[in-house]
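Below is one structure, written out as structure tokens; comments come after it.
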Amino acid sequence: MSLEPPDKSYRNRIIFASLAGTTIEFFDFYIYATAAVSVFPLLFFPAGEGSAALLASMATFGVAFVARPIGSIVFGHFGDRVGRKATLVGSLLLMGLATFAIGLLPTYHRIGLFAPLLLTLFRFCQGVGLGGEWSGAALLATETADKGKRARAAMWPQLGAPFGFILANGFFLTLTIAFGFDSTKAKIDEHFLTWGWRLPFLLSIILVTLGLYVRLKLHETPVFARALERGEKLKSPLVHVFRANFKELVLGTFIMVATYGLFYLMTTWILSYGIGKVELGNLGVGYRDFLVLQLISVLFFAAFIPVSGWLADRFGRRNLLLVVTTAIVIFGLGFKYFLSREIIGSGATANRGVILVFLSIGMTLMGLSFGPMSALLPELFPTNTRYTGSGVSYNLASILGAALTPFVATFIAQTYGATSVGLYLAVLGSSTIVALLLTKETKATDLDSMIDEAVADRIEQTSP
């Protein structure tokens, strides 16, 4: 277990491993999200009609977010006791096998209620795997970063989210074109619904194999190795983090809430609203057309993550996020200027330009908000509970900001109109602003000592 700072070539390997792993994990996660809107209501929940089937599919989508805190606890325990490397391999393997299994599932028309039950089970396993993935990848990047460049190093695993989204939805878009699939005129015996939708799930095993190969060649992080040398390993990291860092857990959770809510409004909910039938109050845009708009907007998400890493190192995580989250609240209050039927229209004449501007603004804010999180959350916790603490905060936020969001937003849109969904986002953003105001700036925190780096340097210079 090497304690030497990583050289440039090894640091590049760390960047690739953290980025490749999270890209694969998010690819697996997003292909389910896309299928939950366009495929699963027809194949696994046909007993419900229209909105009922969609809500049932959204409920299974949310199951993974309930599972994610469980994954962060399980994998966090081993990540803080055994090490970052082995735990990252385990989380990727679980996620990959669960995704592959979904691609093999028989549908409701074949085995009845067992089909949605098995779908829910494997979705749960996906959530457990992703719950252990994010914090491990974030620590791999932060605990090997150069001084003063931690947010820039930590942004690499964050890029896995837009990259995974682009791969997943790009794959689905290609398939819908190849199969001539039209979600507004779907028939259960179409080749796409019979077997075509399974391809992204089954072929993901190739990406998982690549990710495992890369991660098995990594060493343990120097920060964790030094903590082991000092004898700081804990018997129960979870118990300790709740006793010693409960405040940080709560603050970290609410710091992430607005980011989660924004993303799943801009991806899962808006997709269901965009391609849903006009007679049910939706826009009635073709599935293929809407996917193209989403893929273009996600490029803004990817582009602004590196920008946010530089800004977070330059101006601080807290200051940047306060500005960005305020913009998210304002964006939420402005939904009426984008989603009003008088402005946007519906069906074949729906204004694609307005939709694209709406999605692009949301995804730009998403990149600026999501980018610093993989630096900020780990900086809240000491090394011996960092995997557990950052992972639990990140994934508890997924319940509040992500699991409920597509379901609640669908209900709000059907009851009060789509423009009212923005008020929900504004509430989530306000809770994040409060949490940020109660949090200290962490950019100068030494990850070994958890004190200001300037103070840590003076202590090191004066020690015998």
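Index from 1, following the sequence. None of the values given here were measured: they were computed from a predicted structure.
Enclosure of atom CZ in F201 by more than 12 non-hydrogen atoms of other residues, nucleotides or ligands within 6.0 angstrom is indicated. Within 6.0 Å of atom CZ in R230, more than 12 heavy atoms from other residues, nucleotides or ligands are found, so the atom counts as buried in its surroundings.
Side-chain contact, T383 with R386: a donor N or O sits under 3.5 Å from an acceptor N or O.
Under the side chain to side chain contact (heavy atoms under 4.5 Å, CB included) rule, Y394 has a single partner from T253, L377, I255, which is L377.
A distance-only check finds no donor-acceptor pair linking the side chain of Q126 to the backbone of A98 [under 3.5 Å]. Side-chain N or O atoms of R317 include none that pairs as donor or acceptor with a backbone N or O of T442 at under 3.5 Å. Checked by atom type and distance alone, the side chain of R13 pairs as donor or acceptor with a backbone atom of K217 at under 3.5 Å. Remark: side-chain polar atoms of Q294 are paired, donor with acceptor, to backbone N or O of M266 under 3.5 angstrom.
How far OH of Y416 is from CZ of F411: 5.5 Å, rounded to the nearest 0.5 Å. In this structure, T22 OG1 and F163 CZ are separated by 9.5 Å, a value rounded to the nearest 0.5 Å. L130 CG to C125 SG: the interatomic distance, rounded to the nearest 0.5 Å, is 13.0 Å. Taking CE from M256 and CG from N395, the interatomic distance works out to 8.5 Å, rounded to the nearest 0.5 Å.
Salt bridge status for R215 with E133: present, with a side-chain N to carboxylate O gap under 4.0 Å.
Between F358 and F335, the ring centre distance stays below 6.0 Å. Ring to ring, F40 and Y32 are close: their centroids are under 6.0 angstrom apart.
The shortest side-chain heavy-atom distance between T259 and M366 falls under the 4.5 Å cut-off.
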